[in-house]
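Step one of this worksheet: look at the structure below.
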Amino acid sequence: MQHEIPDLSPSARRVIVGVNDAAASTVVADKQDLPRTRLPNGILLQELWQQRHIPAGPNDWPEPGWTLGPAAPTEGAVVRILTVPAAGDALVEPDLHTDRSLHVITMLGGELTFMLEDGEVTLGAGDSIVLRGSMHDLRNVQPRPATFVYTSFPLAESGSE
């Protein structure tokens with residue numbers, strides 16, 4: 001039986017600061033309703049920032065036509081907020097996966113367990129994990145949702161560092 005997953009995550013607000021004609025810092029954009037995607041596994045993904053090229057320039061803006069879905073970028077960078085629903089009744093086998101990306105995950109609320117090839121680590125609010133092209137999966141085994149900030153960008157090819 002499929003249960004409807006309630007949307008307990010408020011929409012993130014993104015404020016972009018730039019420089020005005022007098023060279024003073026100022027708010028140039030303030031948006032509440034950012035793109036949100038509910039993935040098939042129930043995870044809610046909110047796009048905070050994405051751009052095709054790094055390093056970033058002072059006048060860069062997200063490209064509305066460049067959407068990645070849940071994939072890690074093969075170029076550029078993304079910053080997202082993800083909310084993993086509370087644990088369900090059925091435990092699913094870990095789906096260890098990797099890509100050529102560096103992921104930085106910082107927990108905002110709740111608790112997640114990250115499964116690795118050799119063990120696991122559980123993180124709570126304020127904790128961070130850095131995944132450098134390593135095999136991993138995550139699981140929320142708690143009775144409440146877990147929310148985190150996810151930043152990802154491609155790793156350099158071996159030998160090009």
Side-chain angles (χ1 to χ4, degrees), residues 1-16 29-52 54 56 62-158 161:
M1 174 185 233
Q2 181 106 14
H3 296 285
E4 181 65 27
I5 299 166
D7 187 359
L8 302 174
S9 177
S11 182
R13 177 179 174 208
R14 178 183 64 206
V15 177
I16 300 174
D30 188 342
K31 185 170 180 171
Q32 181 71 43
D33 297 319
L34 300 176
R36 297 161 60 106
T37 304
R38 175 80 61 190
L39 304 177
N41 59 5
I43 294 175
L44 178 67
L45 182 149
Q46 297 181 78
E47 295 283 357
L48 291 180
W49 188 265
Q50 46 85 354
Q51 65 184 58
R52 283 188 199 259
I54 47 178
E63 296 177 45
W66 190 54
T67 57
L68 297 171
T74 57
E75 61 182 349
V78 297
V79 180
R80 300 172 170 148
I81 293 179
L82 285 90
T83 301
V84 180
D89 296 333
L91 282 178
V92 178
E93 285 296 314
D95 177 23
L96 293 175
H97 60 279
T98 189
D99 48 51
R100 292 285 312 149
S101 296
L102 185 136
H103 306 309
V104 179
I105 294 172
T106 301
M107 297 296 299
L108 297 177
E111 189 175 279
L112 288 175
T113 299
F114 289 81
M115 280 75 65
L116 309 171
E117 289 176 291
D118 185 18
E120 60 184 46
V121 62
T122 300
L123 302 179
D127 294 341
S128 296
I129 189 169
V130 178
L131 300 162
R132 300 178 296 178
S134 48
M135 296 292 286
H136 65 280
D137 194 13
L138 59 87
R139 178 167 293 154
N140 182 1
V141 296
Q142 300 301 312
R144 66 177 198 267
T147 301
F148 60 93
V149 175
Y150 164 96
T151 302
S152 183
F153 46 90
L155 288 170
E157 294 297 323
S158 295
E161 300 167 25

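Predicted model only: the values in this text are computed from it and were never measured. Index from 1, following the sequence.
- Side chain of D137 to backbone of D95: a donor-acceptor contact under 3.5 angstrom is found.
- Side chains of W49 and E47: no donor on one and acceptor on the other come within 3.5 Å.
- Expressed to the nearest 0.5 Å, how far CG of L45 lies from CG of L48 amounts to 9.0 Å.
- At a threshold of 4.5 Å between non-hydrogen side-chain atoms, the residues V149 and V79 count as touching.
- F148 places none of its side-chain heavy atoms less than 4.5 Å from the side chain of L108.
- Between P62 and R14, some side-chain heavy-atom pair lies under the 4.5 Å cut-off.
- Under the rule for a salt bridge (charged side-chain N to carboxylate O under 4.0 Å, His left out), the partners of R13 that lie at least two apart in sequence or sit in another chain are D30.
- A77 and I54 get closest at one heavy-atom pair: CB-CG2, 4.0 Å.
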Output a table of donor-acceptor pairs, distance under 3.5 Å, between side-chain atoms of residues 116-131 and any protein atom two or more places apart or on a different chain; print 'none' if there are none.
{"from": "T122", "atom 1": "OG1", "to": "T113", "atom 2": "OG1", "distance (Å)": "3.0"}
{"from": "D127", "atom 1": "OD2", "to": "G124", "atom 2": "N", "distance (Å)": "2.8"}
{"from": "S128", "atom 1": "OG", "to": "T106", "atom 2": "OG1", "distance (Å)": "2.8"}

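- Contact record, F153 with G76: CB-O, 3.4 Å, taken as the closest heavy-atom pair.
- The CZ atom of R144 lies 12.5 Å from the OG1 atom of T83; values are rounded to the nearest 0.5 Å.
- Ring geometry for H103 against H136 counts as perpendicular: the plane angle is over 60°, on a 0 to 90° scale with 30° as the lower cut.
- At a threshold of 4.5 Å between non-hydrogen side-chain atoms, the residues R100 and L155 count as touching.
- At a threshold of 4.5 Å between non-hydrogen side-chain atoms, the residues V78 and Y150 count as touching.
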